[in-house]
Amino acid sequence: MKTVLTDDMLKGYFQPDAEPGQLARQVLLAARASAQESEKLLDRLAIQATAEGISLIRAQRLEKPATAGARRLVERAREELYEYFQGKRAFFSVPVDLSETPDFQRRVLEAARRIPFGEVRPYAWVAQKIGHPRAVRAVGTALGRNPVPFIVPCHRVLQSGGGIGGYLFGSETKSGLLALERTTPIYEGCASTHIVCRVGCSSGRRMRADNRVVFASVQDARSVGYRPCKVCKPSRAA
Amino acid sequence: MEHDKKLMGRVARGDEAAFTELVGRFGGRLLGVARRLLGSRADAEDAVQRALLQCYLGAGTYQAEWAVSTWLYRILTNVCVDELRRRTSRSGQLDPPARPDAPGRYLDLHRALVRVPTEARVLLALRYVDGLSYGELARIRGISINTVKSQLARGKSLLRTALTKGGAS
């Protein structure tokens, strides 16, 4: 049966919903609960770097970086982690130094690094990627000793049955990070410059809050007259 | 409108009663937009809650030259568009909701809307839930008025084609 589109039909379909009674109360409760759990985690973290990149992130005391270059990298990592925990960063640009990491583990970490922001893969997927499909347990161990958690996203690897699996900072933190990534957008445009960036791009950070427009894809942004940022190259993301 | 702005001023100072009044005033329309975009009431409530939380925590960044509704819709559509991105990236294509809760006579329209590209769909929802002007739509999505017009026309033309073919099944 054919249906003819009319304005009345659109208006009928798009009628506002009944206002839910508890909405404001629920939001206010959530606002009180969001007492920046993630910032507390960042306070506990110590970061170490070489001149090449970030080499260790742990919740314990670590030696101070030896050179000025390494100190700058640590500062940059802390800043990027802060933004990430705030839901204002969807990628890390600070380099990591895995040169001291054994070959097998390094391959595991590099595979984990290819899991897109906000997505998850099973341990078996990582095992497959590094060409050792049966080494699922070894993959788990290698990820468990990830020297640079968060930046190499070992938290995006789950058990095949969907179980959360282990995590350096506890499974609660792991599910917290996954929830954070589920609510962090990847692409944002600036309404005044009509440039679309990856969330966390240095030029995007200067954007005023009221100029922020989220897009579902770079293609969508282009379709309404935005152009991709030349600094963060959002077309290459994901 | 001035009343809304005063209300926002109180929300920015952490006045919970003012926030409750604001939600009472706009909650239904926000939910309407979110449900037409995301398909189910549960997903819509989740999106509206997240958007309102951002509004509450970020009330200090509200600029008085904006209508409060424009500001709220900007935040809400940002949340909804990102939710649509996640659905697309998971499946490779946009899934229609498993159990659409649209009333029977709108089922064809509901299915056809899934075929409309995200940006046009957002504009259609805003235009028809709240009857917003082209200027407001442009401001909400950070685009030009001409783009608003062409996107709406394109969206409607896609809907018309899908419906004429006897539903988008």
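All heavy atoms count here, side chains included; hydrogens, waters and symmetry mates do not.
When side chains are defined from C-beta on, A:L10 counts as touching B:L159, because their heavy atoms get closer than 4.5 Å. Contact annotation: the side chain of B:V48 never approaches that of A:V27 to less than 4.5 Å [non-hydrogen atoms, C-beta and beyond]. Within the 4.5 Å cutoff, side-chain heavy atoms of A:S223 are placed close to those of B:Q151.
For chain B, the option among A:P185, A:A221, A:A191, A:G118 with the highest count of heavy-atom pairs below 4.5 Å is A:P185. Note on B:L124, B:V129, B:V148: by heavy-atom pairs under 4.5 Å with chain A, the leading option is B:V129. Top candidate by heavy-atom pairs under 4.5 Å with chain A, chosen from B:R29, B:E21, B:E119, B:R154, is B:E119. Among the candidates A:D220, A:V224, A:V214, the residue making the largest number of heavy-atom pairs closer than 4.5 Å to chain B is A:V214. With respect to chain A, the highest number of heavy-atom pairs below 4.5 Å among B:N78, B:I140, B:I75 belongs to B:N78.
A salt bridge between B:R127 and A:D7 is absent, with no side-chain N of the basic residue lying under 4.0 Å from a carboxylate O of the acidic one.
With rounding to the nearest 0.5 angstrom, the CG atom of A:D8 is 9.5 Å from the OH atom of B:Y128. Interatomic distance, B:T20 OG1 to A:L28 CG, rounded to the nearest 0.5 Å: 5.5 Å. Considering CG of B:D82 and OG1 of A:T184, their distance stands at 8.0 Å, rounded to 0.5 Å.
Using a 4.5 Å cut-off between heavy atoms, A:S217 does not touch chain B at all. Within the 4.5 angstrom heavy-atom criterion, only side-chain atoms of B:Q63, from C-beta onward, approach chain A. At a 4.5 Å heavy-atom cutoff, the contact between B:W66 and chain A is made by side-chain atoms alone. A:T183 touches chain B through backbone and side chain together, each having a heavy atom under 4.5 Å away.
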Show me the donor-acceptor pairs, under 3.5 Å and distance only, between side chains in residues 49-57 of chain B and residues at least two apart or in other chains.
unit_1 : atom_1 : unit_2 : atom_2 : d
B:Q49  : NE2    : A:Q26  : OE1    : 2.7
B:R50  : NH1    : B:D46  : OD2    : 3.4

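Residue-environment remark: NZ (B:K6) stays at or below the threshold of 12 foreign heavy atoms within 6.0 Å. Counting heavy-atom neighbours within 6.0 Å of A:Q159 CD, excluding the residue itself, gives a total above 12.
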* side-chain contact (heavy atoms from CB on, under 4.5 Å) assessment of B:R86 paired with A:E119 -> CA-CA 9 Å; B:R86 246 181 305 279; A:E119 296 189 22; over 6 Å; no
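By the 6.0 Å and 45° rule, B:R141 stacks over the aromatic ring of A:F215.
Counting only N and O atoms by type, the side chains of A:D210 and B:Y62 include no donor and acceptor under 3.5 Å apart.
Side-chain atoms of B:R74 do not come within 3.5 Å of backbone N or O of A:V213 as any donor-acceptor pair. At distances below 3.5 Å, at least one donor-acceptor pair connects side-chain atoms of A:Y226 with backbone N or O atoms of B:G142.
Among residues two or more places apart in sequence or in another chain, the ring pair (Phe, Tyr, Trp, His ring centres under 6.0 Å) test is passed with A:Y167 by A:F169.
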